[in-house]
Amino acid sequence: MENNINDEELLELLHDPETQRHGFAQLVSEYSERLYWQIRKMVLSHEDSNDILQDVFIKAWNHIDTFRGESKLSTWLYRIAINESITFVKKERARNNISLDDEDIFVANKLEGDTYFDGDEAQLLLQKSIAILPEKQRLVFQMKYFDEMKYEDMSEILGTSVGALKASYHHAVKKIENYLSKSH
Amino acid sequence: MSANKSDMKTNLNNLENIDKSNPFRVPENYFAQFNEDIMYKLPVKLKPVIEPKRVTLWNKARPWVYAAAIFVLMFVGIQFYKYSVNNRINNKQVASTQPQAFKGNIDKYWSTVNISEDEFYQYLENQLTEDSYYDFIYNQIYSETSM
């Protein structure tokens, strides 16, 4: 379904009780795929990503009446998705009693048994190296490296300065390359 | 074989040489299905029940009370203004009737008093007559007592 509706038109539909459900269906159709991949890169498993994506849209539905368009709709949704993903990763780590140093082994086990992961050895290694990064650094690396997002857009979503994001990305790349070199 | 492995090591040391394509998959038709399913999972939003606002007697009467208060204030204000204006006029009138020493040309004297010239001479005559009478009585009494 092709959607050319802009934020303003979508908000108009979402703030009118008569058209709210129809507007929300358009919002889901517009953003579900983008948000899914953002979540998936953080939590890796499809089932977990699916659960989180549902939670994100239910939260958005419950709070859409209070959204007044101070930020872009996409920024608002990304923020919810990122918060949910980080909360999930932290809870999972605590539940399985995993330290950041053991995260790569945990991720390797998780991905090797995942039917929805098609990566080769190099890609699996890259995922393992990403897993040892702190959450925020992991997020910055994925947004920049995989999604090629502009620092300005990342800054709006993450509420961090462009300078800090550049530094964070630089550190992340160094750590990953260091991990890759040590792995061989 | 060992040369290949060595190449791979070199490649993997450099991030740019790793395939950037998405290694993750989703089940077939996942997004279309998700978009449909999520709409059934959204909680129903209850319309807020708006209770009719209770209107008390005071609320009903308030505009009228305010209007009456304004009217009374305006009435009192107008009365006070009228009273103060009248007072000022009376004060001026009293001041103008007070006897004042005549200053200026004597020929214009009669144009400044409220009695006619004839009335004035009549008044002087009466005064003289009365004075003569009192003098007579006085002399009678004292002359009798001295005898």
Side-chain angles (χ1 to χ4, degrees), chain A residues 1 17 20-22 24-34 36-37 40-41 44-47 49-50 53-58 60-62 64-65 111 114-127 129 141 145-148 172-174 176-184, chain B residues 1-70:
Chain A
M1 185 176 154
Q20 197 171 47
R21 278 192 94 84
H22 168 66
F24 200 79
Q26 293 218 29
L27 178 136
V28 170
S29 154
E30 178 81 16
Y31 289 103
S32 63
E33 199 164 339
R34 281 191 262 172
Y36 172 85
W37 288 119
R40 181 80 187 265
K41 279 169 198 158
L44 306 176
S45 139
H46 167 70
E47 278 72 26
S49 304
N50 181 52
L53 188 63
Q54 279 185 32
D55 291 346
V56 168
F57 281 119
I58 288 169
W61 170 253
N62 287 336
I64 198 70
D65 297 321
L111 289 177
D114 190 344
T115 50
Y116 297 114
F117 181 74
D118 283 345
D120 57 19
E121 191 192 340
Q123 284 173 317
L124 179 62
L125 194 61
L126 178 58
Q127 290 302 323
S129 68
F141 178 79
Y145 184 75
F146 292 113
D147 304 338
E148 295 176 351
V173 170
K174 284 269 170 208
I176 287 170
E177 285 182 340
N178 194 32
Y179 182 92
L180 294 176
S181 65
K182 274 184 186 172
S183 301
H184 289 88
Chain B
M1 183 74 180
S2 66
N4 277 348
K5 210 167 184 180
S6 167
D7 280 353
M8 192 180 165
K9 273 183 190 176
T10 315
N11 286 342
L12 288 184
N13 286 345
N14 193 347
L15 190 57
E16 286 169 16
N17 293 328
I18 296 177
D19 184 7
K20 242 174 129 175
S21 66
N22 187 0
F24 300 103
R25 278 192 305 113
V26 290
E28 208 174 315
N29 206 28
Y30 167 69
F31 291 111
Q33 194 61 49
F34 177 88
N35 295 352
E36 211 179 307
D37 292 348
I38 190 72
M39 294 309 293
Y40 294 106
K41 290 178 182 166
L42 298 177
V44 176
K45 281 188 183 176
L46 296 172
K47 283 183 183 174
V49 181
I50 302 163
E51 283 185 20
K53 205 177 169 183
R54 283 184 63 192
V55 183
T56 60
L57 187 64
W58 167 242
N59 282 339
K60 277 182 187 170
R62 197 159 48 179
W64 297 104
V65 171
Y66 287 161
I70 290 166

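Everything numeric here is computed off the predicted structure, so don't read it as measured data. Per chain, numbering begins at 1; letters A, B, ... match sequence-line order. Values below: every heavy atom of this structure, side chains too, minus hydrogens, waters and symmetry copies.
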Among [options], who wins on heavy-atom pairs under 4.5 Å with chain B?
{"options": "A:Tyr116, A:Phe57, A:Phe146", "result": "A:Tyr116"}
{"options": "A:Leu126, A:Leu53, A:Val173", "result": "A:Leu53"}
{"options": "A:Arg21, A:Gln20, A:Gln127, A:Glu33", "result": "A:Glu33"}

Just how far is it from atom CZ of A:Phe24 to atom CD1 of A:Ile64, taken to the nearest 0.5 Å?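 These two atoms lie 6.5 Å from each other.
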For B:Phe24, all residues meeting ring-ring contact (aromatic ring centres under 6.0 Å, His included), sequence neighbours excluded: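 For B:Phe24 the ring-ring contact (aromatic ring centres under 6.0 Å, His included) partners, ignoring immediate neighbours, are A:Phe117.
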Could you tell me which portion of [X] (side chain, backbone, both or neither) has an atom closer than 4.5 angstrom to a non-hydrogen atom of chain B?
{"X": "A:Leu44", "answer": "both"}
{"X": "A:Glu47", "answer": "neither"}
{"X": "A:Asp114", "answer": "neither"}

Would you indicate whether the side-chain heavy atoms of B:Tyr30 and A:Asn50 approach each other to under 4.5 Å?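 Of all side-chain heavy-atom pairs linking B:Tyr30 with A:Asn50, at least one is under 4.5 Å.
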With sequence neighbours left out, what residues match A:Asp147 under salt bridge (charged side-chain N to carboxylate O under 4.0 Å, His left out)?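 In terms of salt bridge (charged side-chain N to carboxylate O under 4.0 Å, His left out), with neighbours along the sequence ignored, A:Asp147 is linked to A:Lys41.
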A quick test of your reading: do over 12 heavy atoms of other residues, nucleotides or ligands sit less than 6.0 Å from CH2 of B:Trp58?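 Yes.
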